[in-house]
Asker: 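One structure, as structure tokens, below. Some questions next.
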Number of protein chains: 2
Amino acid sequence: MADPKRARIQDVAEQAGVSMMTVSRVLNQDKKVSDKTREKVMAVVEQLNYRPNVSARRLASTKSFFLGLLYDNPSDSYISQFLLAALKKCRALGYHLVVDEAHTDIDKTIESVKQLIDVTQVDGMILLPPMCDNEQVLDVLTKAQVPFVRITPDTKLNRSPYICMDDYQAAFDVTEHLINQGHSKIAHIIGDTKQGVSRLRYQGYLDALRSNKIITPPEYIEQGSFTYQSGMKAAIKLLSLDDKPTAIFAANDDMAAAVISIAQKQGINIPSELSVVGFDDTQLATIVWPNISTVKQPINEMAELAITLLASGQYNDLSNVKSLDLRHILDFELIERESSSTNKNN
Amino acid sequence: MADPKRARIQDVAEQAGVSMMTVSRVLNQDKKVSDKTREKVMAVVEQLNYRPNVSARRLASTKSFFLGLLYDNPSDSYISQFLLAALKKCRALGYHLVVDEAHTDIDKTIESVKQLIDVTQVDGMILLPPMCDNEQVLDVLTKAQVPFVRITPDTKLNRSPYICMDDYQAAFDVTEHLINQGHSKIAHIIGDTKQGVSRLRYQGYLDALRSNKIITPPEYIEQGSFTYQSGMKAAIKLLSLDDKPTAIFAANDDMAAAVISIAQKQGINIPSELSVVGFDDTQLATIVWPNISTVKQPINEMAELAITLLASGQYNDLSNVKSLDLRHILDFELIERESSSTNKNN
DNA sequence: AAATTTGTTGTTAGCGCTAACATTTTCAGT
DNA sequence: ACTGAAAATGTTAGCGCTAACAACAAATTT
């Protein structure tokens with residue numbers, strides 16, 4: 001409990017019988033250290049529970065040990081979760097995270113990114129959607145030679161390492177899950193056309209139907225825009241059809257929640273008369289009743305991986321990196337909750 | 001665009017014709033500088049757009065320029081908003097924010113706080129509810145003499161500066177707002193009894209009715225627990241009464257959303273047949289339809305003030321601070337949306 | 001006017017770490 | 001064994017700032 005006086009690099013050096021510089025090299029993954037020395041030093045590091053002083057490090061080195069995060073929509077719980085995971089990982093790796101919100105005015109955003117580069121001198125940037133597809137932002141970072149990682153980008157995939165999940169496969173799986181539960185009248189509410197994931201999810205839905213030889217009428221496809229209200233409109237149309245679907249796959253949770261609300265208003269029981277599945281596993285999915293079956297994005301893993309990639313410096317020079325090595329696909333997870341169940345209408 | 005080489009304290013000193021130490025003193029609010037010198041230095045600081053190097057500062061001084069934030073519920077959009085505002089303010093003041101999540105296991109949380117004190121050596125801590133009322137956490141911080149600010153605490157108000165809003169007054173106002181819209185049959189769904197705000201909001205509701213000489217039957221009061229489901233239960237009871245209320249004030253947005261859902265299920269139009277108001281202005285309030293009229297907590301201002309107070313160091317010694325000076329009450333805001341309107345039932 | 005106090009500014013050293021260079025060790029090739 | 005290069009380790013200086021003390025000027029007292 002008493003103050004155990006945090007160990008310094010000198011303490012480690014003395015204890016290990018080497019110079020401070022050697023310890024520094026070990027800690028910075030410098031190749032020019034013999035395995036024997038490395039092990040010896042690491043042992044002492046463990047023993048003294050030595051953690052480098054970030055400030056001293058930053059002051060002395062050319063690296064800033066700052067990473068930047070550019071996000072867009074502050075009210076989304078997605079941001080919150082991503083941010084917390086990123087902060088945690090940064091701390092573990094001795095980095096600091098500087099968080100910046102994109103302006104509606106793109107010029108201001110660019111200015112802000114330039115500040116991060118010039119003043120804060122970030123070692124790398126993380127771009128969240130939809131900023132990750134903004135050409136201007138990409139250009140500024142590329143020109144300044146600041147490495148960056150993009151999260152679920154939609155376009156220009158060769159311009160940086162990026163992290164995503166397989167939206168197509170998830171949509172395929174979730175649709176097939178409904179099929180396996182005995183549903184064949186499965187409708188889909190498409191997401192915002194401006195976002196690439198909408199297309200992927202739609203395609204996954206279509207292919208799952210096709211591969212199970214299920215034919216659905218065109219009225220079962222509604223265009224939404226990821227908002228609750230667009231979900232309501234779509235639900236009203238779908239539930240007024242003569243031949244109602246027994247399951248609805250909405251491209252996100254907000255729209256799924258809207259479907260549930262409309263169905264309940266019409267006295268349609270969920271899930272016995274209608275199964276509803278969403279996408280994203282946002283907070284909303286567990287707030288409404290019944291809870292929404294959905295697809296969970298691996299947000300925490302995405303955040304951790306993004307920080308790890310930037311901290312490793314492995315993408316500081318992209319010229320020798322193959323296109324395929326830029327892509328990092330993480331696993332999603334199907335989450336079954338109360339809004340979906342086996343079809344009891346047959 | 002070219003690299004404008006960030007100014008150092010030496011540059012400022014030379015330009016102002018004083019020593020580096022004098023500049024340092026000006027920047028650290030040291031009293032022992034003449035007004036004339038201070039102005040001269042500040043002018044040069046402005047001119048060169050000088051910002052102290054946080055790392056150098058931290059390395060040289062006894063302060064760590066780290067502030068800690070202990071939160072509890074990661075899925076709440078409240079956290080996200082608070083966090084972003086806090087991060088922003090920290091950056092502006094040259095501090096770093098270290099964020100830590102409370103464990104369900106309180107011993108682990110304590111351990112984590114001790115780490116923040118011993119290893120990170122935070123200059124101060126912010127405690128979010130409900131951790132701000134945890135006796136053990138308060139004790140550890142007090143013993144270590146780490147100043148801390150609490151956000152909307154419920155108890156032990158004399159133990160630290162704290163920031164809150166006037167829940168009682170907000171509940172009073174929102175109830176009176178309904179009354180002014182012509183409602184007299186106003187029901188209330190009480191929040192979780194374990195949280196002090198529930199009591200305050202309930203009392204505000206009661207007093208608003210009383211001061212307007214409105215008498216409501218006891219069936220108009222339902223006990224909830226801040227969850228959507230508890231709101232559903234309460235709503236079902238309230239809407240099955242023979243003499244239905246024309247307005248329902250739920251102690252938070254989740255329960256208000258549940259009321260809306262149940263009402264719609266029963267074919268009750270909102271707001272023409274039933275007005276619903278919530279509390280908190282969470283994301284949910286604008287997701288569901290109709291959007292929920294609610295009370296907005298000044299989360300951003302709370303976060304900024306918390307950081308400012310800790311950075312100022314004015315509470316580093318509490319022995320001479322009067323109880324009253326510990327309290328910082330911020331203004332709330334009534335937000336009218338589509339879920340409430342003038343009573344048309346009369 | 002000298003002595004003392006008070007207020008203001010300057011000097012020196014060093015926080016913990018790493019860049020750049022200097023030195024020593026290792027080990028292949030002759 | 002002897003050379004020369006490569007690999008491993010050590011030495012020096014300094015990143016930008018502030019604590020602690022030193023020095024000086026102004027205000028006050030004797």
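It should be emphasised that the depicted structure is a prediction, and the values quoted were computed from it without experimental measurement. Throughout, a chain's letter reflects where its sequence line sits, starting with A, and its residues are numbered from 1.
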Asker: Please identify each residue that fulfils salt bridge (charged side-chain N to carboxylate O under 4.0 Å, His left out) with A:Arg91, with sequence neighbours left out.
Answerer: B:Asp100

Asker: I'd like the 5' and 3' limits of the part of DNA chain C contacted by chain A, with heavy-atom contacts below 4.0 Å.
Answerer: C:dG16 to C:dA20

Asker: What's B:Tyr50 touching, base or sugar-phosphate or nothing? Going by heavy atoms closer than 4.0 Å.
Answerer: sugar-phosphate

Asker: Does A:Ser24 have any side-chain hydrogen bond (donor to acceptor under 3.5 Å, both in side chains) partners at least two apart in sequence or in another chain, and if so, which?
Answerer: A:Asn28

Asker: Can you pull out how bent the helix from C:dA1-D:dT30 to C:dT30-D:dA1 is, comparing the axes over its first five and last five pairs, to 10°?
Answerer: 40°

Asker: Using a 4.0 Å cut-off on heavy atoms, which residues in residues 18-28 of chain A reach DNA chain D? List them by number, or say none.
Answerer: A:Val18, A:Ser19, A:Met21, A:Thr22, A:Arg25

Asker: Is the number of heavy atoms from other residues, nucleotides or ligands under 6.0 Å of B:Asp331 CG greater than 12?
Answerer: no

Asker: For A:Lys63, check salt bridge (charged side-chain N to carboxylate O under 4.0 Å, His left out) against everything at least two apart and list the hits.
Answerer: none

Asker: Under the rule for side-chain hydrogen bond (donor to acceptor under 3.5 Å, both in side chains), what residues qualify as partners of B:Asp11, not counting sequence neighbours?
Answerer: B:Arg8

Asker: Using a 4.0 Å heavy-atom cut-off across all strands, classify B:Ser55 as base, sugar-phosphate, or nothing.
Answerer: nothing

Asker: Taking only residues at least two apart or on different chains, which pairs with a member in residues 143-152 of chain A satisfy side-chain hydrogen bond (donor to acceptor under 3.5 Å, both in side chains)?
Answerer: A:Arg150-A:Ser160

Asker: Taking ring-ring contact (aromatic ring centres under 6.0 Å, His included) as the test, write out the residues that go with A:Tyr95, two or more places apart.
Answerer: A:Phe65

Asker: On DNA chain C, compare the nucleotides closest to A:Leu59 and A:Thr62; which residue's is nearer the 5' end?
Answerer: A:Leu59

Asker: Tell me every residue that passes side-chain hydrogen bond (donor to acceptor under 3.5 Å, both in side chains) with A:Asp139, counting only those two or more places apart in sequence or in another chain.
Answerer: A:Arg159

Asker: Apply side-chain hydrogen bond (donor to acceptor under 3.5 Å, both in side chains) to A:Asp133 and list each qualifying residue two or more places apart in sequence or on a separate chain.
Answerer: A:Thr155

Asker: Any salt bridge (charged side-chain N to carboxylate O under 4.0 Å, His left out) pairs touching residues 43-58 of chain B, not counting sequence neighbours?
Answerer: none

